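FYI, side chains are in, hydrogens and waters are out, and symmetry mates aren't considered; it's all heavy atoms of this structure. Bear in mind the structure is a predicted one, so any value in this text is a computation, not a measurement. Lettering of chains follows the sequences in order, A, B, ..., and the numbering in each one begins at 1.
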Amino acid sequence: MATTTTHAPAPLLHTIVLDWYREHARDLPWRASDASPWAVMVSEFMLQQTPVKRVLPAYQAWLERWPTPASLAEDAPGEAVRMWGRLGYPRRALRLHAAASAIVERHGGEVPTEHAELLALPGVGEYTAAAVASFAFRQRHAVLDTNVRRVFARAVTGEEYPAQATTAAERRTAVELLPDHPEVAAQWAVGVMELGALVCTARSPECGGCPLRAHCAWDRAGRPPYQGPARRGQSYEGTDRQVRGKLLAVLREAHGEVPQHRLDAVWPEPVQRSRALDGLIIDGLVEPVAPGVYRLPQ
DNA sequence: AAGTCGTGGCC
DNA sequence: TGGCCAAGACT
């Protein structure tokens, strides 16, 4: 099947994005030339669904305490959960700790360089494996995060937002547009992401400052609003997630064992409270030490 | 494959 | 105000 190319020649797009990135890229610590692969991996875990601004201080503190996978693996998983603080989705802390252990066990303490090996680590999915391989090891991979998907949806497909789940067509676009040379591909990947983060944003894109405007299908079509199915929201008030958050906050700040009554105090409804606590235990975020006594996992 | 999983900031 | 969104992974 022949590939239909409706966008500008790829090499032109590459030049535009690389030039724009060189001029406008944020100075983020995990992009520094001396950032280790481990540092890049830590940043990617933290950036899964958490904004850059909130990640920055946590990232610095984390790497000061655990500058290598081995140093984290030697500590208790509960310490990782505590250091995670209020970044949200604390299972990521547990998975990062498990990934560090796997790196020690399977890779001699060095972050693996192969995409497949990265993908096999706990908490590392398609995106994170590609991101670490690209950003830390300067390899050629299609890096499809929410920013890149949005830029492609607009510039290539002419739609305001991508579909809920990543489609095969999106992967084809990403691969088709990937520069041949690995180092150029790595710069392209981070450049498109940055463009999505700073200019081609979800709510109020600044098309006036977009280097791709002349080549953007969505802009050419008059920037029609999103037509697809309603994107499901993330309700939070009154959910188990909220209760879990409150319970875990108590355990994080306790530095030791916590009696039942202190957990009971955070949520009045006993059935939901109990269900939330059970969920935390099942997830390994909380450890029961005796009847009615809990702590972070050791 | 649609749901679940935290937290905070923005308009 | 409250819904929407933020470098996803997992089941």
| field | Strand contacts (DNA chain C) in residues 114-146 of chain A, 4.0 angstrom heavy-atom criterion | value |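 The stretch gives P122(A), G123(A), V124(A), G125(A), E126(A), Y127(A), T128(A), D145(A), T146(A) as the residues lying under 4.0 Å from the strand, ordered by number.
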
| query | Whole-Å distance between dG8(C) P and M193(A) CE? | reply | 7 Å

With rounding to whole Å, what would you report as the distance between [N] and [M] at their [atom1] atoms?
N: dG8(B); M: dA9(C); atom1: P; result: 23 Å
N: dT1(C); M: dG6(B); atom1: P; result: 25 Å
N: dA1(B); M: dA6(C); atom1: P; result: 24 Å

| message | Does a side-chain N or O of Q49(A) approach OP1 or OP2 of dG8(C) to a distance below 4.0 Å, or not? | response | yes

| query | Looking only at side-chain N and O atoms, does R150(A) come under 4.0 Å of OP1 or OP2 in dA6(C)? | reply | yes

| task | Identify whether any heavy atom of R275(A) sits under 4.0 Å from a base atom; if not, whether one sits that close to sugar-phosphate; answer base, sugar-phosphate or nothing. | result |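 Result for R275(A) = nothing.
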
| request: Please work out if L87(A) contacts a base, only the sugar-phosphate, or nothing of the nucleic acid, heavy-atom cut-off 4.0 Å. | output: base

| message | For the residue pair T201(A) / E206(A), report whether a side-chain donor-acceptor contact shorter than 3.5 Å exists. | response |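 The answer is no; no qualifying pair exists.
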
| field | Nearest heavy-atom neighbours spanning W84(A) and Y89(A) | value |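 Heavy-atom minimum between the residues: NE1-O, 3.8 Å.
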
| Would E160(A) and R223(A) pass as an ion pair if we require N to O under 4.0 Å? | no

| field | Sidechain N-carboxylate O distance under 4.0 Å for E170(A), R149(A) | value | yes

| request: Could you list where the contact with chain A starts and ends along DNA chain B, reading 5' to 3', using a 4.0 Å heavy-atom cut-off? | output: dG3(B) to dC10(B)

| 4.5 Å side-chain heavy-atom contact, W30(A) and V42(A) |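 A side-chain contact under 4.5 Å is absent here.
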
| task | Answer whether the closest heavy-atom distance between the side chains of L247(A) and V286(A) falls below 4.5 Å. | result | no

| If you check every side-chain atom of A202(A), which of dA7(C), dA9(C), dA6(C) has the closest atom? | dA6(C)

